[in-house]
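Following: one structure in structure tokens, then a few remarks.
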Amino acid sequence: MRLTPLDIQNHHFALRWRGCDAEEVKTFLRLVADDYASLLRETEGLREKMRSLEERVASSAGEEQTLRQTLMIAQGLAEDLKRTAMKEAEVLVGEAEVKSEKILDAAHRRAAKLAEDIREMKQLRIRLASAVRSTIETHLTLLEGLAEELPEDPLLDGKVTYLARSVTFRASGGSSGGA
């Protein structure tokens with residue numbers, strides 16, 4: 001059974017022959033009761049403080065659980081973002097590789113076309129050079145043939161003379177009267 005400060009103050013001891021000084025016992029009991037009351041108040045204050053702290057700990061535990069869940073969600077989101085970024089990077093790299101292959105293929109086709117054009121132009125130059133050479137040789141042959149003396153043809157000479165005179169006569173404004 002617990003004692004209260006009032007129990008201590010109101011307690012009566014049985015009197016015996018040569019017992020204690022009653023006034024001294026009452027004073028001592030009053031001091032003990034006061035100390036006991038102070039300790040009870042302090043204990044009650046500590047219990048109240050302990051309840052308050054327990055409530056805060058419970059609240060903090062709830063907040064801690066919420067923070068842990070939030071952290072787990074944030075870590076999950078970070079991992080998802082990382083995976084998404086990696087996939088997007090792979091897609092971009094793949095697209096860049098496809099584009100570069102297309103550009104390279106187009107460059108190879110263009111280079112092949114240019115090489116074919118150059119080959120055709122060389123053949124054309126060879127053909128043109130041959131045609132020009134053939135034309136020059138033909139003209140040289142003609143020139144050489146013209147440079148040679150033709151045998152005299154009296155009939156041809158007469159016609160040339162006649163034509164030369166008729167051109168001269170007409171140019172001088174004369175009439176055609178004879179010869």
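Here CG of Leu46 is found 10.0 Å from CG of Leu39. Values are rounded to the nearest 0.5 Å. One distance of note links NZ of Lys102 with NZ of Lys99; it measures 9.0 Å at 0.5 Å rounding. Atoms OG and NE2, on Ser134 and His139 in that order, are 10.0 Å from each other to the nearest 0.5 Å. Note that the NZ atom of Lys49 and the CD atom of Glu44 stand 14.5 Å from one another [nearest 0.5 Å]. Taken from OG1 in Thr66 to CG in Leu71, the straight-line distance is 12.5 Å, to the nearest 0.5 Å. The structure places CE of Met86 at 13.5 Å from CG of Leu81, a figure rounded to the nearest 0.5 Å.
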As a quick check of understanding, evaluate side-chain contact (heavy atoms from CB on, under 4.5 Å) for Arg30 and Thr27, giving each step before the final call.
CA-CA 5 Å; Arg30 214 178 356 249; Thr27 303; 3.6 Å; yes

Under the criterion side-chain contact (heavy atoms from CB on, under 4.5 Å), I'd like the reasoning laid out for Leu104 against Glu101: C-alpha separation, chi angles, the key distance, then a yes or no.
CA-CA 5 Å; Leu104 190 59; Glu101 287 175 8; 5.6 Å; no

Going through the checks in order, is the side-chain contact (heavy atoms from CB on, under 4.5 Å) test met by Ser59 and Glu55?
CA-CA 6 Å; Ser59 174; Glu55 288 174 4; over 6 Å; no

Pair Arg51-Glu54, salt bridge (charged side-chain N to carboxylate O under 4.0 Å, His left out): steps then yes or no
CA-CA 5 Å; Arg51 272 194 298 272; Glu54 285 175 345; over 6 Å; no

With salt bridge (charged side-chain N to carboxylate O under 4.0 Å, His left out) as the criterion, how do Arg83 and Glu90 come out once you've worked through the C-alpha distance, each side chain's angles and the decisive distance to 0.1 Å?
CA-CA 10 Å; Arg83 279 192 296 274; Glu90 288 173 0; over 6 Å; no

What verdict does the side-chain contact (heavy atoms from CB on, under 4.5 Å) test give for Glu64 and Leu67, after you've listed the backbone C-alpha separation in whole Å, the side-chain angles of each residue and the deciding distance to 0.1 Å?
CA-CA 5 Å; Glu64 179 184 357; Leu67 285 174; 5.5 Å; no

Between Lys113 and Asp117, is a salt bridge (charged side-chain N to carboxylate O under 4.0 Å, His left out) present by the stated rule, with each step listed?
CA-CA 6 Å; Lys113 175 73 172 121; Asp117 289 348; 3.0 Å; yes

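Looking only at distances, no side-chain donor or acceptor of Ser130 sits under 3.5 Å from a matching main-chain atom of Ile126. Distance alone, capped at 3.5 Å, is enough to place a donor-acceptor pair between the Ser60 side chain and the Arg56 backbone. Judged purely by atom type and a 3.5 angstrom limit, Ser38 has no side-chain atom pairing as donor or acceptor with the backbone of Asp34.
In this structure, the side chains of Glu120 and Leu124 stay at 4.5 Å or more apart for every pair of heavy atoms. Residues Arg133 and Glu137 have side chains in contact (heavy-atom distance under 4.5 Å, counting atoms from C-beta outward).
Under a hydrophobic-cluster definition in which Ile, Leu, Val, Met, Phe, Trp and Tyr are linked whenever side-chain heavy atoms come within less than 4.5 Å, directly or via other members, Leu40 and Val32 are assigned to the same cluster.
Crowding of Arg110 atom CZ: a count of heavy atoms from other residues, nucleotides or ligands under 6.0 Å not exceeding 12. The number of heavy atoms from other shown groups lying within 6.0 Å of CZ (Arg68) does not exceed 12.
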